Amino acid sequence: MKPATIIGIVLILLAIVGFATGGFSFTHRHKDVDAGPIQISHEKKETVPISPILSTIVLVAGAGLVAVGVKAR
């Protein structure tokens with residue numbers, strides 16, 4: 001298998017995941033007060049959206065790389 005084909009398949013899979021999830025979330029834990037045995041903290045959840053336009057561009061690029069890799073045989 002050509003490297004272009006492998007990269008194309010990976011890009012297609014990433015685009016499908018981008019369409020399916022729409023983004024990803026992660027949690028930060030922040031310490032507000034740390035005074036000896038007394039600790040006060042809070043968690044903050046943040047979400048990073050993935051644009052459908054970006055997923056479409058990655059899908060088209062992946063399909064193009066797969067086509068180039070198959071055509072090069």
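Keep in mind the model is a prediction, meaning the values are calculated, not measured.
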Can you find a heavy atom in the side chain of [X] that is under 4.5 Å from one in the side chain of [Y]?
{"X": "Val68", "Y": "Lys71", "value": "no"}
{"X": "Leu59", "Y": "Leu11", "value": "no"}
{"X": "Asp32", "Y": "Ser41", "value": "no"}
{"X": "Thr47", "Y": "Phe26", "value": "no"}
{"X": "His30", "Y": "Lys44", "value": "yes"}

Let me check something: do [X] and [Y] share a hydrophobic cluster, defined by ILVMFWY side-chain heavy atoms less than 4.5 Å apart, either directly or through other members?
{"X": "Ile9", "Y": "Val70", "value": "yes"}
{"X": "Val66", "Y": "Leu13", "value": "yes"}
{"X": "Ile6", "Y": "Ile16", "value": "yes"}

What's the separation between atom [atom1] in [X] and atom [atom2] in [Y], rounded to the nearest 0.5 Å?
{"X": "Asp34", "Y": "Lys31", "atom1": "CG", "atom2": "NZ", "value": "4.5 Å"}
{"X": "Leu54", "Y": "Leu14", "atom1": "CG", "atom2": "CG", "value": "10.0 Å"}
{"X": "Ile50", "Y": "Phe24", "atom1": "CD1", "atom2": "CZ", "value": "6.0 Å"}

Stepwise side chain to side chain contact (heavy atoms under 4.5 Å, CB included) check, Phe19 with Thr56:
CA-CA 8 Å; Phe19 282 127; Thr56 303; 3.4 Å; yes
For Ala15 against Ser55, the heavy-atom pair lying closest together
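Of all heavy-atom pairs spanning Ala15 and Ser55, the closest is CB-O, 3.4 Å.
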With sequence neighbours left out, what residues match Glu46 under salt bridge (charged side-chain N to carboxylate O under 4.0 Å, His left out)?
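None.
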